[in-house]
**Q** 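What follows is a structure written as structure tokens; I'll ask about it next.
Order of appearance sets the numbers: ligands from 1, and atoms from 1 within every ligand. Values below: every heavy atom of this structure, side chains too, minus hydrogens, waters and symmetry copies.
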Amino acid sequence: MIVQIIRPQDGLPRATGASLHALANAIWPPEPGKSVPTLDEALAAWKQQESVHFVIGDDDTVLAHALIFRREVSTLQGALMVGALATVCVHPGHRGQGWGADVVRAAFDYLPRLGAEVSLFQTGVPRFYEKLGARLVTNRFVNGKNPDDLNNPFWDTCEMIYPAAFDWPDGQIDLNGPGY
Ligand SMILES: CC(C)(COP(=O)(O)OP(=O)(O)OC[C@H]1O[C@@H](n2cnc3c(N)ncnc32)[C@H](O)[C@@H]1OP(=O)(O)O)[C@@H](O)C(=O)NCCC(=O)NCCS
């Protein structure tokens with residue numbers, strides 16, 4: 001399936017952003033008592049972090065999506081640029097036909113254009129990513145920009161890197177920002 005790449009300099013069209021926002025909120029509904037970012041807040045966040053979006057869709061309707069952006073993390077071996085993969089989702093009516101794999105592969109293929117050799121991300125579906133050549137990592141993650149909170153800034157069940165063969169450092173990793 002053709003994957004459309006929407007780069008920051010192109011800007012995410014509002015209709016595409018609205019469709020993605022609706023899909024993501026349907027798949028990850030807000031916890032009771034918590035608010036979700038409005039469409040304008042989501043668009044502003046994607047713009048601010050210079051997300052590159054990988055989309056399979058139909059007119060302005062997003063049916064499969066992944067995004068990736070640059071994040072410099074701090075490891076015990078020094079600073080490391082990673083491709084931060086996030087918001088990987090396929091419309092429930094279109095799963096099981098390879099579209100999730102297509103958008104994630106396209107995002108991983110984009111890593112050199114981000115100046116990164118490795119992607120770091122959280123997930124609850126590690127087997128899906130292992131099939132694509134990723135592997136689990138077990139570092140302690142913190143957000144040094146929020147030193148009062150020593151909890152893992154990621155909230156999903158596991159963290160992974162791609163490619164599996166990357167020489168990933170041991171020890172604490174400072175995400176230098178919130179989880180994604
Ligand atoms: C996970 C998700 C993106 C997969 O999308 P999809 O289009 O159905 O997956 P694909 O058809 O591309 O599957 C590719 C391969 O991964 C496997 N796979 C798909 N979902 C899987 C899962 N949850 N667990 C294990 N393997 C999975 C498929 O069986 C297929 O294997 P094959 O190559 O041996 O046939 C989709 O189910 C989804 O949107 N889930 C809800 C949101 C989510 O969990 N996103 C990931 C957040 S990190």
**Q** Going through the distances and angles, do F69 and E50 end up as a side-chain contact (heavy atoms from CB on, under 4.5 Å)?
**A** CA-CA 6 Å; F69 60 94; E50 302 197 337; 5.6 Å; no
**Q** For atom 19 (C) of ligand 1, which of the options F128, W28, W99, F121 provides the nearest non-hydrogen atom?
**A**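 Going through F128, W28, W99, F121 one by one, F128 has the nearest heavy atom to atom 19 (C) of ligand 1.
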**Q** Considering heavy atoms of the protein only, find what lies nearest to atom 5 (O) of ligand 1 and give residue, atom and distance to 0.1 Å.
**A** V90 CG2, 3.5 Å
**Q** Under a 3.5 Å distance rule, please check whether E41 uses its side chain to pair with a backbone N or O of T38 as donor and acceptor.
**A**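 Such a contact is found between E41 side chain and T38 backbone.
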**Q** Examine the proximity of ligand 1 to D156 and report which part, side chain or backbone, both or neither, has a heavy atom under 4.0 Å away.
**A**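 The answer is neither; D156 stays 4.0 Å or more away.
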**Q** Which of the numbered atoms in ligand 1 are under 4.0 angstrom from any heavy atom belonging to Q97?
**A**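 Close to Q97: 11 (O).
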**Q** Can you tell which of I56, T123, V125 gets a heavy atom nearest to atom 48 (S) of ligand 1?
**A** T123
**Q** Judged by atom type as modelled, is there a donor-acceptor pair below 3.5 Å linking the side chain of N139 to the main-chain atoms of F141?
**A** no
**Q** With a heavy-atom distance limit of 4.0 Å, tell me whether Q122 approaches ligand 1 through its side chain, its backbone, both, or neither.
**A**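 Looking at Q122 and ligand 1, just backbone atoms fall under 4.0 Å.
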**Q** With nothing but distance in play, are any N or O atoms of A101 less than 3.5 Å from an N or O of ligand 1?
**A** yes
**Q** Where does the angle between the aromatic ring planes of W99 and H94 fall among parallel (under 30°), tilted (30 to 60°) and perpendicular (over 60°)?
**A** parallel
**Q** To the nearest 0.1 Å, how far is atom 8 (O) of ligand 1 from its closest protein heavy atom, and which atom is that?
**A**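 Protein heavy atom at minimum distance: G96 N, 2.9 Å.
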**Q** Looking at ligand 1, does any of its N/O atoms fall within less than 3.5 Å of an N/O of C89?
**A**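 No, C89 has no N/O under 3.5 Å of an N/O on ligand 1.
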**Q** Can you confirm whether Q9 is buried at CD, in the sense that more than 12 heavy atoms of other residues, nucleotides or ligands lie under 6.0 Å from that atom?
**A**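 Buried by this count: over 12 neighbours within 6.0 Å.
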**Q** Considering heavy atoms of the protein only, find what lies nearest to atom 7 (O) of ligand 1 and give residue, atom and distance to 0.1 Å.
**A**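 Its nearest protein heavy-atom neighbour is G100 N, 2.8 Å.
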**Q** Just need the protein heavy atom nearest to atom 37 (O) of ligand 1, so name the residue and atom and give the distance.
**A**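 Going atom by atom, the protein heavy atom closest to atom 37 (O) of ligand 1 ends up being R95 CD, 3.3 Å.
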**Q** Checking side-chain polar atoms at under 3.5 Å, does Q77 have a donor or acceptor matched by the opposite partner on T75?
**A**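 Result is no, nothing qualifies.
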**Q** Which part of K131 is near ligand 1, with near meaning a heavy atom under 4.0 Å away: side chain, backbone, both or neither?
**A** side chain
**Q** Would you name the heavy atoms of D102 and I56 that are closest together and state the gap between them?
**A** CB-CD1, 4.0 Å
**Q** Provide the number and element of each atom of ligand 1 under 4.0 Å from a heavy atom of Y129.
**A**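 With Y129 as reference, the close atoms of ligand 1 come out as 46 (C), 48 (S).
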**Q** Starting from atom 46 (C) of ligand 1, find the nearest protein heavy-atom neighbour and note its residue, name and distance.
**A** V88 O, 3.5 Å
**Q** Less than 3.5 Å apart, any donor N or O on the side chain of E159 or N152 sitting next to an acceptor on the other?
**A**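 N152 and E159 do have a side-chain donor-acceptor pair below 3.5 Å.
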**Q** List every atom of ligand 1 that sits less than 4.0 Å from any heavy atom of G98, numbering the atoms from 1 in the order shown and giving each element.
**A**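 In order of numbering, the contacting atoms are 10 (P), 11 (O), 12 (O).
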